[in-house]
Structure formats: structure tokens, C-alpha cells
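What follows is a set of notes on a single structure, which appears directly below.
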Protein chains: 2
Amino acid sequence: MTARSSDGNRDIPEATVARLPVYLRALVALTDQGISVCSSEELATAAGVNSAKLRKDLSYLGSYGTRGVGYDVDYLRYQIAREIGGTQDWPVVIVGIGNLGHALANFSGFRSRGFRVVGLLDADPAMAEASVAGIPVRPFADLPAIAAEHGVAIGVIAVPAVAAQSVADAMVDAGISSILNFAPIVLNVPEGVDVRKVDLSIELQILAYHEQRKAVQAL
Amino acid sequence: MTARSSDGNRDIPEATVARLPVYLRALVALTDQGISVCSSEELATAAGVNSAKLRKDLSYLGSYGTRGVGYDVDYLRYQIAREIGGTQDWPVVIVGIGNLGHALANFSGFRSRGFRVVGLLDADPAMAEASVAGIPVRPFADLPAIAAEHGVAIGVIAVPAVAAQSVADAMVDAGISSILNFAPIVLNVPEGVDVRKVDLSIELQILAYHEQRKAVQAL
DNA sequence: AGGAGTTTGTGAACGTGAGAACAAAACGCT
DNA sequence: AGCGTTTTGTTCTCACGTTCACAAACTCCT
């Protein structure tokens with residue numbers, strides 16, 4: 001049982017990666033309830049998935065359970081956190097301090113999950129005097145300086161659609177290689193830059209589609 | 001060219017449903033640019049997908065293109081909108097008027113995509129005096145009345161995690177069958193109720209995972 | 001009219017993901 | 001120690017999603 005660090009380098013399926021944070025959150029909840037050991041069935045229920053899927057997902061990370069017993073909550077939590085980079089501190093910048101930017105800046109889940117907001121930026125100079133959630137708002141032009149100073153790899157775009165592409169371009173120029181985009185537009189970025197989008201109207205439209213189908217089927 | 005409504009009843013793959021709103025948005029952008037006909041290649045580029053995938057997606061709706069020519073932008077736009085329920089008006093309620101609720105209430109994309117906010121609700125009575133985006137904020141207890149009055153099928157949850165499940169329960173009781181959940185928690189709902197979740201920290205953690213891998217591979 | 005050039009719609013091949021089912025491994029009881 | 005019980009880790013199968021590749025169908029030009 002040698003500690004081969006090569007274990008950590010297998011590539012984990014994308015679908016699994018997307019669920020690991022959910023498991024992590026469920027484990028934290030279990031810890032808060034004072035539970036120190038759980039079965040795959042219990043954890044799966046807490047995470048809202050099927051237990052076979054949970055076990056298969058965890059098997060990509062390694063063998064961290066004990067047959068006949070279950071998983072040690074704290075140990076598994078540490079292993080998942082390590083795998084998804086939750087044990088390190090990720091500096092993040094947020095661009096666009098409108099209503100949404102305010103909500104994001106005030107979001108408490110950042111710190112507890114290893115993210116630290118090191119910059120709030122807005123193109124409006126009037127904005128750049130206030131401070132939000134204890135963090136001063138600075139002019140958009142300061143992006144390269146802030147990014148360089150803190151080694152920022154992750155940026156959040158919370159500006160209107162028309163401005164989003166130019167913000168993304170500036171982020172890429174500033175060395176940011178992962179972008180979370182809230183603007184309802186398809187971003188164009190070079191190879192090697194990851195973009196994830198969060199799009200309210202798309203989600204609503206998907207719900208509306210299913211809602212319409214339910215209505216039709218009910219006839 | 002008879003209007004056979006039977007066309008609309010085939011079931012469309014989930015992955016395709018999730019992309020149709022993106023195509024719709026791209027078509028609107030093309031219209032704004034004065035473009036009235038486009039090829040699958042052009043539309044696919046605008047939507048950020050591969051052209052073969054676009055054509056296959058569209059083929060689930062019917063044959064709305066012309067070989068050797070392309071798609072009529074307005075006609076295709078209407079067909080997609082009809083398919084995903086975008087031609088009707090969906091009343092929506094938003095529960096939780098904190099920072100995020102404010103951002104959602106002010107979001108202009110609702111109206112233009114067939115959604116109408118008919119209620120802003122908050123448990124805090126102090127909140128229930130103000131109005132946001134021209135819509136009065138009402139106490140949470142009014143949910144059943146508002147839902148019944150407007151025939152609301154879609155609800156948005158923008159409350160803290162601890163309150164989310166009870167809000168979801170109340171929504172289900174009020175006859176809401178599609179929920180968009182912004183709270184970082186797995187909701188428990190009865191069969192027949194659709195839930196979609198939007199989770200900031202999960203998105204960030206997925207980005208962090210890939211960021212970490214990039215860093216490791218760079219060694 | 002006929003042929004060259006385009007572009008759609010779709011069948012077939014391939015890859016990824018989900019779930020069932022079971023062998024392997026640990027525990028506890030006698 | 002041996003046996004039954006529990007629960008993991010993994011294999012196998014099926015369903016879903018993506019991409020390729022090409023025939024069908026349309027336009028335009030001569």
C-alpha cells in the first residue's frame with residue numbers, strides 16, 4: 001500500500017466533478033449534525049442521488065470507505081476537498097457591481113469554500129467610491145494590477161450582456177483562465193480558458209418547456 | 001402547408017431542450033443585425049455549438065430549413081419559441097427579496113422572454129412595505145392567494161438555505177409545479193414537480209477543479 | 001433544361017453516463 | 001476461529017448524447 005501520488009492524476013468524468021461539490025456540502029451538513037460515519041445510502045440521500053452513482057463517483061478518487069461500515073465523514077470530506085482544490089485558497093475578482101454583483105459580493109459561501117474575493121470592479125466611476133461587503137469597489141482599469149498582485153485565476157462577470165465580451169477579453173489578458181459568466185451571451189475565449197455560464201432566462205425557459213408539456217399531457 | 005399540431009408532441013431530448021433557448025437568443029441577435037436568413041454553420045457559431053449538433057437539435061422540432069439555402073430567421077425563431085412555450089405568458093413569483101431577489105426582480109430579460117413577475121414575497125415584514133422594480137413586496141403568507149389569482153406555475157427561491165425547503169413546500173402546496181432554486185441545498189419535492197438549481201459555489205468549485213488540474217499539468 | 005455548387009436532414013459509429021447486480025472485504029456474534 | 005450480515009468497489013449492460021459522413025433537395029448559372 002505505497003502512497004503513490006499518481007493516484008490523484010486520473011481524470012475524473014465531468015459529470016462526477018459536477019457532483020463532488022454536492023457531496024462535499026452534504027458531508028459538511030452531516031458533520032454539523034454530529035454524524036461521523038455514514039453509508040453510501042445515507043450520503044446519497046442527503047445529496048439527492050442514487051447510491052450506486054455515489055459509490056461509482058467516489059471510486060474515481062480512490063478507496064476511502066470501509067466495507068461493511070461506510071465512510072468516515074471527516075476523512076472523506078478532506079479527500080473530496082483536496083481533489084477539487086478546496087483545500088487551497090482561490091482569489092477571485094468580481095466585475096460589475098450592480099444588483100447581482102452586490103448579491104455575489106455579500107454571498108457568505110465564498111469564504112467557507114476556499115474562495116476569497118480580492119477585487120470588486122466596476123466601470124462606473126461613481127461606483128468606485130463606495131465599498132461593498134467591506135471590500136472597496138475599484139475602477140475596471142485596475143483589473144490587471146489586482147489580478148497580478150493576487151495571482152487571480154478565477155473571474156466572475158456580472159455586467160450587462162453588451163459589456164460581457166470586452167470584460168472577458170480583459171480578464172484573459174490579465175491572466176485569468178477560468179470565468180464564471182452571468183451575462184446572457186455566448187463568450188468567445190481562447191483555448192485553455194474555461195467558461196461556465198449561469199443563465200436565469202435559460203433555466204426559466206427549460207422549466208417553461210416542461211410545464212407546457214405537463215399541461216398538454218393533462219388534456 | 002396544413003398546420004398539423006401533431007408535430008409538436010414528439011419528445012425532445014433533455015440536452016436539446018437546454019440548448020433551444022440559446023438558439024432562440026442567437027436568432028434574436030441575428031434579427032437585430034438585420035439578417036433574415038442564416039445557415040446552420042452561422043447559427044451554430046453564434047450559439048457556440050457545432051453545426052451538426054445544431055441541425056440534429058432542430059430536426060427534433062421538424063424540418064424548418066431549406067436545403068441549399070438555410071433557415072429563415074424569423075420563422076425558425078417562431079417555431080422554437082412555440083416549442084419551448086415562449087409564445088405564452090408565464091406568471092412567476094419570486095420569494096426572498098434580499099440582494100439576489102433584488103437582482104432577479106430588476107432583471108429585464110423576464111418580460112422579453114415571456115415571463116411576468118406577478119409577486120415578490122418576503123418573510124420579513126419590514127421588507128413588505130417597500131416595492132422593487134415597481135412591484136410591491138408582499139408578505140410570504142400571501143403566496144397561496146397570489147398563486148391562485150394568477151395561476152402561477154413557476155416559482156423562484158432566493159432565500160437563505162435554511163428557509164429554502166419550507167418555501168418549496170409552501171410553493172408546492174400553492175400549486176406551483178416548477179421551481180428555480182438559488183439556495184445551496186437539495187430540495188425535496190413530490191413527484192411531478194420540476195426543480196432546477198443555480199448554485200454559485202458549485203460552479204466556482206468546478207472551475208477550481210479544472211484550474212487545479214491545469215496547474216498540475218503545467219509542471 | 002441540365003449540371004455544378006450549397007446546405008439541410010439523418011443514419012450510423014462512437015463515446016460518455018446511469019443503474020443493476022454481485023464479488024470482495026470488513027465487522028460482530030457465538 | 002468460523003459464520004452470517006453489512007456495505008463497499010467494480011463489472012456489465014443499456015440508454016443517451018455527440019460527431020461524422022453522405023444522400024436528398026434546393027438554387028444558380030450557362
Side-chain angles (χ1 to χ4, degrees), chain A residues 1 4 7-8 10-23 26-27 30 35-77 79-80 83 206 209-210, chain B residues 1 4 7 10-23 26-27 30 35-77 79-80 83 186 206 209-210:
Chain A
M1 198 85 75
R4 273 167 296 148
D7 277 31
R10 280 165 304 193
D11 60 328
I12 298 176
E14 198 52 38
T16 297
V17 171
R19 283 187 294 266
L20 289 178
V22 180
Y23 303 154
L27 288 167
L30 289 176
I35 297 171
S36 62
V37 173
C38 70
S39 69
S40 64
E41 201 72 48
E42 292 169 293
L43 184 54
T45 302
V49 302
N50 162 316
S51 70
K53 183 150 60 178
L54 170 82
R55 287 199 300 277
K56 179 172 271 201
D57 283 342
L58 295 183
S59 76
Y60 292 113
L61 312 191
S63 268
Y64 298 131
T66 307
R67 297 177 191 220
V69 179
Y71 300 92
D72 181 282
V73 173
D74 282 339
Y75 181 56
L76 182 58
R77 182 165 76 146
Q79 293 298 344
I80 295 180
E83 191 71 35
I206 294 171
Y209 169 78
H210 292 296
Chain B
M1 201 88 73
R4 272 167 296 147
D7 276 30
R10 279 163 305 192
D11 60 327
I12 298 175
E14 197 53 38
T16 297
V17 171
R19 283 187 294 266
L20 289 178
V22 181
Y23 303 154
L27 288 167
L30 290 176
I35 297 172
S36 62
V37 173
C38 70
S39 69
S40 65
E41 201 71 48
E42 290 169 294
L43 185 52
T45 302
V49 302
N50 160 319
S51 70
K53 182 148 64 176
L54 171 81
R55 286 200 301 277
K56 176 146 279 198
D57 283 342
L58 295 183
S59 76
Y60 292 113
L61 311 190
S63 267
Y64 297 132
T66 308
R67 296 177 192 219
V69 179
Y71 299 93
D72 181 283
V73 172
D74 283 340
Y75 181 55
L76 182 58
R77 181 165 78 146
Q79 293 297 344
I80 295 180
E83 191 71 35
V186 176
I206 294 171
Y209 169 77
H210 291 295

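Labels below follow one simple rule: chain letters A, B, ... track the order of the sequence lines, proteins then strands, and each chain is numbered from 1.
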A side-chain contact here means heavy atoms from C-beta on lying under 4.5 Å apart; do A:Leu54 and A:Tyr23 qualify?
yes
At less than 4.0 Å, is any side-chain N or O atom of A:Tyr60 found next to OP1 or OP2 of C:dG17? Yes or no.
no
Which whole-number value in Å describes the distance from A:Lys53 NZ to C:dG17 C1'?
8 Å
Measuring from B:Leu27:CG to B:Leu76:CG, what's the distance to the nearest 0.5 Å?
5.0 Å
B:Tyr64 OH to D:dA25 C1': how many Å, rounded?
19 Å
Atom-to-atom span, CD of A:Glu41 to P of C:dG19 - whole angstrom:
13 Å
Tell me which nucleotide among D:dC12, D:dG9, C:dG11 gets nearest to the side chain of A:Tyr71.
D:dG9
Within this structure, what is the CG-to-C1' distance between B:Leu54 and D:dT18, rounded to whole angstrom?
13 Å
Does B:Arg67 put a side-chain nitrogen or oxygen below 4.0 Å from OP1 or OP2 of C:dG5?
no
Mind calculating the distance between CG (A:Leu58) and P (D:dT10) to the nearest angstrom?
11 Å
Contact nearer the 5' end of DNA chain C, comparing A:Pro13 with B:Asp57:
B:Asp57
Testing C:dG9, D:dG17, D:dC20 for proximity to the side chain of B:Asn50, the answer is D:dC20
Spacing between B:Leu61 atom CG and C:dT10 atom P, to the nearest angstrom:
11 Å
Could you verify whether a donor N or O on one side chain and an acceptor N or O on the other, from A:Ser39 and A:Glu42, lie under 3.5 Å apart?
yes
Quick one: is A:Ser40 getting a side-chain N or O under 4.0 Å of the D:dT7 phosphate, OP1 or OP2?
no
Tell me what A:Glu14 touches on the nucleic acid: a base, only sugar-phosphate, or nothing, going by heavy atoms under 4.0 Å.
sugar-phosphate
Do the side chain of A:Lys56 and the base of C:dG19 come within less than 3.5 angstrom through a donor-acceptor pair of N or O atoms?
yes
Given atom CG of B:Leu43 and atom P of C:dG9, what is their separation to the nearest angstrom?
12 Å
Out of D:dT27, C:dC22, D:dT18, which has the shortest distance to the side chain of A:Arg55?
C:dC22
Do B:Leu58 and B:Ile80 come close enough that some side-chain heavy atom pair is under 4.5 Å?
yes
Return the 5'-most residue of the pair A:Ala52, A:Thr16 with respect to DNA chain C, ranking by each residue's nearest nucleotide.
A:Thr16
Interatomic distance, A:Thr16 atom OG1 to A:Leu61 atom CG [nearest 0.5 angstrom]:
8.5 Å
Send over the distance from A:Glu42 CD to D:dT6 C1', rounded to a whole Å.
13 Å
